[in-house]
Amino acid sequence: MAHDDFTIRPATGSDLPALLSLYRHLNPGDPAMEPDLAAGRFAEMLVHPGMTVFVSAVGETIGSSVTLVIIPNLTRGGMPYALIENVVTDARFRKRGHAGALIRRAFDHAWQNGCYKVMLLTGSDNPATLKFYKGCGFVQNKTGFQVRRPAGI
C-alpha cells in the first residue's frame, strides 16, 4: 500500500537492523539484544502463524512499525481476535500519518482474516497518545490487566 511519501508493507528479514533501531524509540532503556538472539527471534516472528510486523518505509528507511497477532479462538463462533503491540514511530516521522496508516492496515488484515475484534493496550497516559488511538477507532471500554515476570525467574 503506497501513500504520499511512504509505503506500507510486511517486514522482511532485511528489516531487522532498522527495526531494532526503531524500537529504541519505544523503550530507550532496554538493553541491546545480542545480534544472534535478535536474528533468531525475528526469524521466529516472521514465520509465526498469524503474526505480521507491518512497517512504513520511506525509501530504505523504516519510519514506523506495528505488530499484529491473530489468535485462534473457541468463542464467538470460532472467530479469531487480534492484538496490536509495539506501535512505534521514529521521531523524524511523527505527525505524518505513518502509525495511523499502519493501524488501519492492521485492521484490514484482521478483518480479512475473520477477526471479530482487535485489541491494543498502551502503557502511555499521554493524552495525545490516547487521543491518537481513539482517532484510529479504538474504544476505551475494557479494563486491562497485566502481570510482569518477577526478577530472578
Can you tell me how far the [atom1] atom of [X] sits from the [atom2] atom of [Y], to the nearest 0.5 Å?
X	Y	atom1	atom2	result
Thr122	Gln140	OG1	CD	9.5 Å
Met119	Ile84	CE	CD1	10.5 Å
Lys117	Trp111	NZ	CH2	10.5 Å
Asn113	Asp108	CG	CG	11.0 Å

Should Ile71 and Tyr116 be counted in the same cluster of Ile, Leu, Val, Met, Phe, Trp and Tyr side chains packed under 4.5 Å apart?
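Ile71 and Tyr116: one cluster.
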Is Leu26 linked to Val53 within one hydrophobic cluster, defined over Ile, Leu, Val, Met, Phe, Trp and Tyr using a side-chain heavy-atom separation of less than 4.5 Å?
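The answer is yes; both residues are in one hydrophobic cluster.
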If you define the side chain from C-beta out and look only at heavy atoms, does anything of [X] sit under 4.5 Å from [Y]?
X	Y	result
Leu120	Val87	yes
Phe42	Leu19	yes
Arg9	Val55	yes
Pro80	Pro72	no
Glu85	Met51	no
His109	Phe54	yes

Does atom CZ of Arg76 have more than 12 heavy-atom neighbours from other groups under 6.0 Å away?
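Open.
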Using the ring centroid of each side chain, check whether Phe132 and Phe138 are separated by less than 6.0 Å.
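No, ring centres 6.0 Å or more apart.
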Would you name the heavy atoms of [X] and [Y] that are closest together and state the gap between them?
X	Y	result
Ser65	Leu102	N-CD1, 3.5 Å
Ser124	Leu130	O-CD2, 3.6 Å
Ala38	Leu20	CB-CD1, 3.9 Å
Leu46	Ala11	CD2-O, 3.6 Å
Ala110	Ile70	CA-CD1, 4.3 Å
Cys136	Gly100	SG-CA, 4.2 Å

Hydrogens and angles aside, do Asn73 and Thr75 bring a side-chain donor and acceptor to less than 3.5 Å of each other?
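There is such a pair (donor and acceptor under 3.5 Å, judged by atom type) between the side chains of Asn73 and Thr75.
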Any donor-acceptor pair under 3.5 Å linking the side-chain atoms of Ser56 with those of His98?
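On atom types as modelled, these side chains qualify, holding a pair under 3.5 Å.
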Using modelled atom types only, decide if a donor and an acceptor are shared between the side chain of Asn126 and the backbone of Ala128 within a distance under 3.5 Å.
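Here the side-chain-to-backbone pair exists.
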Quick one: side-chain hydrogen bond (donor to acceptor under 3.5 Å, both in side chains) partners of Thr12, sequence neighbours excluded?
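Testing Thr12 for side-chain hydrogen bond (donor to acceptor under 3.5 Å, both in side chains), a comparison that skips the adjacent residues, returns Ser14, Asp15.
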